Visitor: 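Next up is a structure, given as structure tokens.
What you are looking at is a predicted structure, and each value in this text was computed from that prediction instead of being measured. Hydrogens, waters and symmetry mates are skipped; everything else that's a heavy atom, side chains included, is used.
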Amino acid sequence: APPPPSASAAATGAATTSGTGVKTGMEATGRVRYRGVADCVVRMVKEEGWGSLLKGLGPRVTWIGIGGGVFFFALEGAQSVLVPPKPKAESINPKP
């Protein structure tokens, strides 16, 4: 069985945290500080350590996980109200 949507969303958030950190580092300077993505990663690790690639992991995973759960329950609730139930299939060998 697939994992619950909130777990999938949290795992995705965790997997993309370092990429988001690098992107933010490149955008937030206001001036050209890095020559590219590789330069940004190398300098971040050199200047701030490996942990700099995981900054914000806890809040990001928590926020995305909660959001995925809320979205899932809202979708299920809306479907139960808006989509009519499917008719039950008759048995292959109906009872007389």
Visitor: Cluster question for you: counting only ILVMFWY and a side-chain heavy-atom cut-off of under 4.5 Å, with indirect links fine, are V61 and V70 together?
Guide: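 No: no chain of side-chain contacts under 4.5 Å links V61 to V70.
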Visitor: Determine whether W50 and V42 fall in the same hydrophobic cluster, where Ile, Leu, Val, Met, Phe, Trp and Tyr are linked whenever their side-chain heavy atoms lie under 4.5 Å apart.
Guide: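 They do not share one cluster, since no chain of ILVMFWY contacts under 4.5 Å joins W50 to V42.
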Visitor: Using the rule that two of Ile, Leu, Val, Met, Phe, Trp, Tyr join whenever any of their side-chain heavy atoms come within less than 4.5 Å, decide whether M44 and V37 are in one cluster.
Guide: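 Same cluster.
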Visitor: Which pair of heavy atoms, one from S52 and one from G49, lies closest together, and at what distance?
Guide: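 Residues S52 and G49, closest heavy atoms: OG-O, 2.7 Å.
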Visitor: Can you tell me how far CG of L54 sits from CZ of R60, rounded to the nearest 0.5 angstrom?
Guide: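 That separation rounds to 11.5 Å.
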Visitor: Quick check: is F73 connected to L82 through a chain of hydrophobic side chains (ILVMFWY, heavy atoms under 4.5 Å apart)?
Guide: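 No, L82 does not connect to F73 through the hydrophobic network.
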Visitor: Transitively linked via ILVMFWY side-chain contacts under 4.5 Å: L75 with I66?
Guide: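 Result: no, two separate clusters.
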